[in-house]
Amino acid sequence: LTAGFLLLPVDNYLHPTMGYAGNGLGDLVYHLLNISFISMSLRSSPPKVKGHKGGGVLGMSTGILLGYSTQALLGLGLTLFFLPKVHPAFGLHLPLGFALGPGQAYAIGKGWEGMGFEGGASVGLTFAALGYLWACFGGVILINIGLRKGWVNPEVVAMMKNKEILRGTVSRGGEKPVGARLTTDSEAIDSFSFHIAAVLVVYFLSFLLLKGLTFLLGFAGKVGMELATNFWGINFIFSAITAIFVRRLIDLAKVGHTLDDDSLTRVSGFPVDFMVAGALAAISLVFVGRYWFPILVMSTLCGLMVTITVPWV
């Protein structure tokens with residue numbers, strides 16, 4: 001977040017004078033999002049826990065979908081009733097920015113630009129930035145309320161008081177956790193290079209999949225091409241599906257041991273960090289100035305709603 005806000009004026013005022021292409025950082029965010037989804041989806045399936053009690057998948061899914069639906073209804077309602085001259089997809093940026101993230105908000109907003117929503121990608125990034133601010137500062141308030149009310153179990157409280165976690169780095173002389181394991185002989189190919197190559201091969205396969213779908217949808221005329229545009233906007237979903245399919249093939253071939261889950265987690269962590277920084281920096285202040293009032297009103301109402309509904313759920 002700090003890096004993104006520092007880079008924001010650089011990308012808006014300095015980069016254009018240097019000939020750096022508009023939406024360059026935005027396009028980078030798009031690809032980093034897809035790479036992060038592939039890296040996570042290539043990991044092996046976690047073992048099933050027997051006898052697990054609690055809400056489980058159903059409870060978690062209900063809570064997540066409730067967040068998506070309430071935010072979408074709030075955004076659509078405000079847009080249709082109070083902003084009739086604004087593109088109707090404007091309000092749908094609330095769940096994209098608050099519930100999903102900057103990569104999804106940019107990718108889908110970019111697809112909407114082809115349907116008449118000028119500045120859709122930048123508006124999505126703005127909502128995502130405000131969503132992060134609400135998550136950070138609003139989240140800190142909720143955590144302190146939760147500590148006072150006993151919502152947080154003792155194990156988590158002890159972890160939160162760990163000085164290394166608060167500082168963000170391992171202390172001098174402290175034990176360094178193992179973050180990845182080698183699955184190849186470095187004399188042949190570096191293990192990290194091997195994992196990155198696997199991710200990029202899957203990304204190329206997902207590209208070919210979308211190219212094929214676009215070709216087939218082209219026979220449906222304008223409606224088909226609009227659908228294809230939306231598919232490219234949610235490329236991260238197709239990338240994840242392709243990665244899951246490839247992982248199944250790898251497991252069937254009994255060579256799954258060549259992929260290390262921790263290494264893939266490191267590969268996914270890199271694009272996520274740079275994606276967040278790039279997403280904030282890629283916000284166009286021109287479009288923020290044009291839509292600043294509805295963005296401020298919608299994000300404030302959504303932030304208050306989330307702050308109330310999340311503890312309730």
Side-chain angles (χ1 to χ4, degrees), residues 11-12 21-34 36-37 65 67-132 206-207 210-211 213-214 217-218 220-240 275-276 278-299 301-302:
D11 192 57
N12 273 267
N23 274 340
L25 280 180
D27 293 339
L28 180 64
V29 167
Y30 175 84
H31 294 296
L32 291 175
L33 172 70
N34 300 331
S36 68
F37 267 78
L65 292 175
Y68 291 166
S69 57
T70 53
Q71 292 168 32
L73 286 172
L74 175 66
L76 275 175
L78 291 173
T79 304
L80 295 176
F81 288 105
F82 299 104
L83 300 168
K85 296 183 180 180
V86 177
H87 195 280
F90 189 94
L92 287 176
H93 276 304
L94 279 183
L96 293 178
F98 276 72
L100 288 169
Q104 293 92 326
Y106 175 83
I108 296 176
K110 188 72 173 176
W112 287 338
E113 286 184 356
M115 301 176 186
F117 187 177
E118 189 180 4
S122 191
V123 171
L125 292 175
T126 306
F127 274 111
L130 293 170
Y132 269 119
S206 70
F207 168 78
L210 276 175
K211 273 289 188 181
L213 286 173
T214 302
L217 288 169
K222 182 180 179 182
V223 175
M225 292 309 298
E226 287 184 351
L227 182 59
T229 300
N230 271 314
F231 280 169
W232 283 101
I234 55 172
N235 191 357
F236 58 93
I237 295 178
F238 289 93
S239 296
M275 177 181 68
V276 173
L280 294 178
I283 294 173
S284 172
L285 296 179
V286 173
F287 291 111
V288 172
R290 182 184 302 178
Y291 298 115
W292 73 269
F293 185 71
I295 289 175
L296 180 63
V297 172
M298 282 189 182
S299 60
L301 292 175
C302 186

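Sequence positions, counted from 1, serve as the residue numbers for this chain.
- The two residues Asp11 and Ala282 have their closest heavy-atom pair at OD2-CA, 3.7 Å.
- Summarising the geometry of Gly124 relative to Ala105, their closest heavy-atom pair is O-CB, 3.4 Å, with the distance given to 0.1 Å.
- Between Phe82 and Pro294 the shortest side-chain heavy-atom distance does not fall below 4.5 Å.
- To the nearest 0.5 Å, atom OH of residue Tyr30 and atom CH2 of residue Trp232 are 6.0 Å apart.
- Going from atom CE of Met298 over to atom OG1 of Thr79 covers 3.0 Å, rounded to the nearest 0.5 Å.
- Atom CE of Met275 and atom CG of Leu280 lie 10.5 Å apart (nearest 0.5 Å).
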Audit row: Phe287, Thr126, side-chain contact (heavy atoms from CB on, under 4.5 Å) steps and yes/no: CA-CA 9 Å; Phe287 291 111; Thr126 306; over 6 Å; no

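- Contact check for Ser36 versus Phe236: no side-chain heavy atoms found under the 4.5 Å cut-off.
- Between Phe37 and Asn235, the closest side-chain pair of non-hydrogen atoms is not below 4.5 Å.
- Looking at Leu210 and Phe231, their side chains come closer than 4.5 Å, going by heavy atoms from C-beta outward.
- Here the side chain of Asn12 pairs a donor or acceptor atom with the backbone of Leu285 at under 3.5 angstrom.
- Nearest heavy-atom pair across Ala128 and Pro102 is CB-CA, 3.6 Å.
- Counting heavy atoms from C-beta outward, Gln71 and Leu92 have side chains that stay 4.5 Å or more apart.
- Between Ser299 and Phe98, the shortest heavy-atom contact is O-CZ, 3.6 Å.
- Inter-residue side-chain proximity for Leu213 and Phe238 is flagged as met; some heavy-atom pair is nearer than 4.5 Å.
- Scanning all heavy atoms of the two residues, the minimum distance from Ser206 to Ser239 falls at OG-OG, 3.4 Å.
- Taking OH from Tyr68 and CG from Leu94, the interatomic distance works out to 14.0 Å, rounded to the nearest 0.5 Å.
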Steps toward ring-ring contact (aromatic ring centres under 6.0 Å, His included) verdict (His93, Phe117): CA-CA 12 Å; His93 276 304; Phe117 187 177; 5.6 Å; yes

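- Annotation: the span from Glu113 atom CD to Thr229 atom OG1 amounts to 12.0 Å, rounded to 0.5 Å.
- Atom CG of Leu76 sits about 12.0 Å away from atom CZ of Phe90, to the nearest 0.5 Å.
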Worked check of side-chain contact (heavy atoms from CB on, under 4.5 Å) between Tyr106 and Asp27: CA-CA 9 Å; Tyr106 175 83; Asp27 293 339; 3.0 Å; yes

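- Tested against Gln104 for a side-chain contact (heavy atoms from CB on, under 4.5 Å), the candidates Val29, Ile234, Leu33 yield a single pass: Leu33.
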